[in-house]
Structures are given as C-alpha cells and as structure tokens.
*Asks:* 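What follows is a single structure, and I will ask about it in a moment.
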Amino acid sequence: MVILNEGKMPNLLSYKYYIRPTAHQLYGNKSSKSKHHQNVQRIIKILALEGPMTTWEMAKIRFATDNSKIRSKEKEYRRLLIGRTDRGTHSDGIIDLNLVLVDSISTKRNSGNRYRLSLFGILYCLDQMNFSEKEVDRVAKNYEIILPLVFGKWGFLKSVIGKYVYNISLLGKGLLFDNLNIISIEKDEFYELISFFGIKVNTLTESFNEQKIGEAISLWFYVTMLYFPNLMEDKKIKGMKKFFTKFLEKIMNYKHGSQIFFQKQRISINNAQKN
DNA sequence: CCCATGGGTGCAAGATCTGC
DNA sequence: GCAGATCTTGCACCCATGGG
C-alpha cells in the first residue's frame, strides 16, 4: 500500500467557515429528505464505519454477489466522490470539498484509488450523523492512524473519563475554536493552555499538512475536555484534570505552570527576527 | 424551464482466476 | 502454460427526472 497523503490541506478555520457550511448546504444532515443528501451521507457513513476502501469495495457491502448491481453502485459512488463531466459541464464531487481524500493505492487486483474520510470529513460525521457511541468507537478504530493522539488512545481515554470521550462530537461544530479569547478571561488557570493552543494553531495556518492539522484537532479536543463545565463539575473527573494536563505535557510538549514555554516562544521569535 | 442528479450503457485495459 | 472468462477500475455518452 502506498500512502499518498502528502498534499496540502485547508486549515481549521476554513473547516468552520467554508467546509462545514458548504457541506451542510450540499449534503445536508441526518434529517435531510433529499435523495442526493441521503446518497452522499451513505457514502460518508460507509467510509466512517467501514474504514478506507475503494469504490468497488463500498458497492460490494450492499450487493455482495450481484455483479451488475455492484457495477452500477460503484459508478454512483465514484461519481459522487470525484465528481463527473457530462454534456461538457463538470460537477464537483465530495473530494473537491476535502471531506474525502485518496488515502492510498489499492493493489488488490487492478491498481486504483482507496478513499477515506479526511479529518474534516470525520468532524463533519461526528457533527451531522448522530452516531451512537458504538459507531463512534468504530470511527475511532478505523481512523486511529489518522488521529493518533485521540483515536489512537481511544480505549485508554475511555478507561479514564468514560462517556465524556464522546464529547468529541462537539468539535465538529467548531465549538470554542476561534473565540478562545472569550473563555480564557474567566478561567485564569486556563489562560496558559489557551495561549498555547492559539500559538500552535496560528503557526499551523502556514503549513496545511494533515498530520499537523490532526495535532491541532487533538489539542483542541483536550482543551475542550478540560474546559467543559459539566466535565469540570463532575467530581470524579475533577481529579483527572491534573492527569490531563500531565498528558498534554507528555504528548504535546505543553509546559504547564511555568514560564518556560513562553520564554521559549520569545526566544524563538527573537531568533526569527534576527534571521 | 434548466440544470444537476439518477439510472443505464458501452468501451478500454490491466490483473487474476479457471478450465484444459 | 495457455486461452478465455471474470474481476476491478476508470471514463464518457445518452436520456429521464425532479427540485428550484
């Protein structure tokens, strides 16, 4: 298998202000009655729950043996994914909105594209699909390599904070993402973490590498977890705050309660100005 | 009414399987 | 080992349909 995903990706801001609203408009949500909306959502759901696969494999899920049915379903999925050119006009597909991308080349029989959800596609799913907890677990399993700092530690996170892991669905709404300054005023202890997140995300707007976007989303997840009032009021969870901060230190190089982090930032900024 | 989408078809081509 | 069948991927054409 050849991993292809080295290309450029939009940043998190464009998810909130372009990708999400556009997806909502074009592909709707779970309560959409439109046939087109339902067709698109079926594809996205298959990729979410079954993991990366080719269009042929997607079609086979529904028609295991009937080859002609697989054939026509495969065509439908392909056209919705990559768009189509008909009567001289081109219509964009789901890939053009960056909800889905080419993950790798399948070499099962013919060499062809294997598709999967992008991080934005995962966020859209979590936001729109009303997945059950079991289904979110499946998404986490299928995409643990794509979001290693959260999905890769899913079982562990569940063992620590239980059902609160499913708060990850809230990320898909873009919650708390670009108005962090509002919350940081109230919660002093939070200020440092928020600043860290802000700096991290700001530097990311320059390089749209999916791995780094994944890091930002992971950090965003942990920040959100630490913030949520219901989470903070839960006595059992309260004791976990310290744990989470330590966890962040470990996986994100976040330095809590010291000036070291900010000193480092100043030094690097100064160095950058010198150069 | 228009245009995007749905449903169907055919063609091309490479990979793999099956029967001999 | 060979030939033909089958699987898989990809592209483009045609016409119908239905929602805006």
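Computation of the quantities below employed the complete heavy-atom set of this structure, encompassing side-chain atoms and omitting hydrogens, waters and symmetry-equivalent molecules. Computed from a prediction, not measured in an experiment: that's the story for all the values here. To find a chain, count down the sequence lines: A is the first, B the second, and so on, and within it residues start at 1.
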*Asks:* When you check the phosphate oxygens OP1 and OP2 of C:dT8, does a side-chain N or O of A:T55 lie under 4.0 Å from one of them?
*Replies:*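 No.
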*Asks:* Would you indicate, yes or no, if B:dG6 has its OP1 or OP2 atom less than 4.0 angstrom from a side-chain nitrogen or oxygen of A:N39?
*Replies:*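 True: A:N39 side-chain N/O within range (under 4.0 Å) of B:dG6 OP1/OP2.
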*Asks:* Could you give the CD-to-P distance, from A:Q25 to C:dG20, as a whole number of Å?
*Replies:*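 Between P of C:dG20 and CD of A:Q25: 12 Å.
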*Asks:* Please state whether the phosphate of B:dG6, meaning OP1 or OP2, lies under 4.0 angstrom from any side-chain nitrogen or oxygen of A:H36.
*Replies:*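 So the side-chain polar atoms of A:H36 do come within 4.0 Å of the phosphate oxygens OP1 or OP2 of B:dG6, strictly under.
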*Asks:* CG/A:N39 to NZ/A:K73 distance, rounded to the nearest 0.5 angstrom?
*Replies:*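 Answer rounded to 0.5 Å: 6.0 Å.
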*Asks:* Need one value for A:I82: base, sugar-phosphate or nothing, where a base atom within 4.0 Å counts as base even if backbone is also close, heavy atoms only.
*Replies:*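 Sugar-phosphate, no base atom in range.
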*Asks:* Does any donor atom in the side chain of A:D137 or A:Y166 lie under 3.5 Å from an acceptor atom in the other side chain?
*Replies:*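 Side-chain D/A pair, A:D137 to A:Y166: present.
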*Asks:* Relative to the 5' end of DNA chain B, which residue comes earlier, A:K75 or A:L26, by the nucleotide with the nearest heavy atom?
*Replies:*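 This one resolves to A:L26.
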*Asks:* Tell me: CZ of A:R84 to P of B:dG8, nearest whole Å?
*Replies:*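 Nearest whole value for this atom pair: 13 Å.
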*Asks:* In whole angstrom, what separates A:L80's CG from B:dT5's C1'?
*Replies:*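 Taking CG of A:L80 and C1' of B:dT5, I get 8 Å after rounding.
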*Asks:* So does A:K73 get a side-chain nitrogen or oxygen closer than 4.0 Å to the phosphate oxygens (OP1/OP2) of B:dG8?
*Replies:*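 No, outside the criterion.
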*Asks:* Using only heavy-atom distances, decide whether a donor-acceptor pair under 3.5 angstrom links the side-chain of A:D86 to the base of C:dC13.
*Replies:*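 Looking at the base of C:dC13, it does not pair with any donor or acceptor on the side chain of A:D86 (distance under 3.5 Å).
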*Asks:* Less than 3.5 Å between a donor and an acceptor, one on the side chain of A:R71 and one on the base of B:dG7, is that the case here?
*Replies:*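 There is none.
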*Asks:* Taking CD from A:E76 and P from C:dC11, how many angstroms apart are they, rounded to a whole number?
*Replies:*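 Going from CD in A:E76 over to P in C:dC11 covers 17 Å.
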*Asks:* May I ask you to check whether over 12 heavy atoms, not counting those of A:L26, lie within 6.0 Å of atom CG?
*Replies:*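 More than 12 heavy atoms, drawn from other residues, nucleotides or ligands, come within 6.0 Å of this atom.
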*Asks:* Rounded off to whole Å, could you give me the CZ-to-C1' distance for the A:R79 and C:dC13 pair?
*Replies:*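 The answer, rounded to whole Å, is 10 Å.
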*Asks:* C:dC15, B:dG7, C:dG10: which one has an atom nearest the side-chain heavy atoms of A:K35?
*Replies:*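 Among the listed nucleotides, the one closest to the side chain of A:K35 is B:dG7.
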*Asks:* Give the rounded distance in Å between these two atoms: NZ of A:K60 and C1' of C:dC7.
*Replies:*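 Roughly 8 Å, once rounded to whole Å.
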*Asks:* Would you list the pairs meeting salt bridge (Lys or Arg N to Asp or Glu O under 4.0 Å) in which at least one residue belongs to residues 18-27 of chain A, sequence neighbours left out?
*Replies:*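 For residues 18-27 of chain A: A:R20-A:D127.
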*Asks:* Measure from the side chain of A:T89, starting at C-beta and using heavy atoms only, and say which of C:dC11, B:dA4, C:dC15 lies closest.
*Replies:*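 Shortest atom-to-atom distance from the side chain points to B:dA4.
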*Asks:* Can you tell me how far P of C:dC11 sits from CD of A:E74, to the nearest Å?
*Replies:*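 Atom CD in A:E74 sits about 10 Å away from atom P in C:dC11.
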*Asks:* Under 4.0 Å, heavy atoms only, any strand: does A:S91 hit a base, just the sugar-phosphate, or nothing?
*Replies:*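 It contacts sugar-phosphate atoms only.
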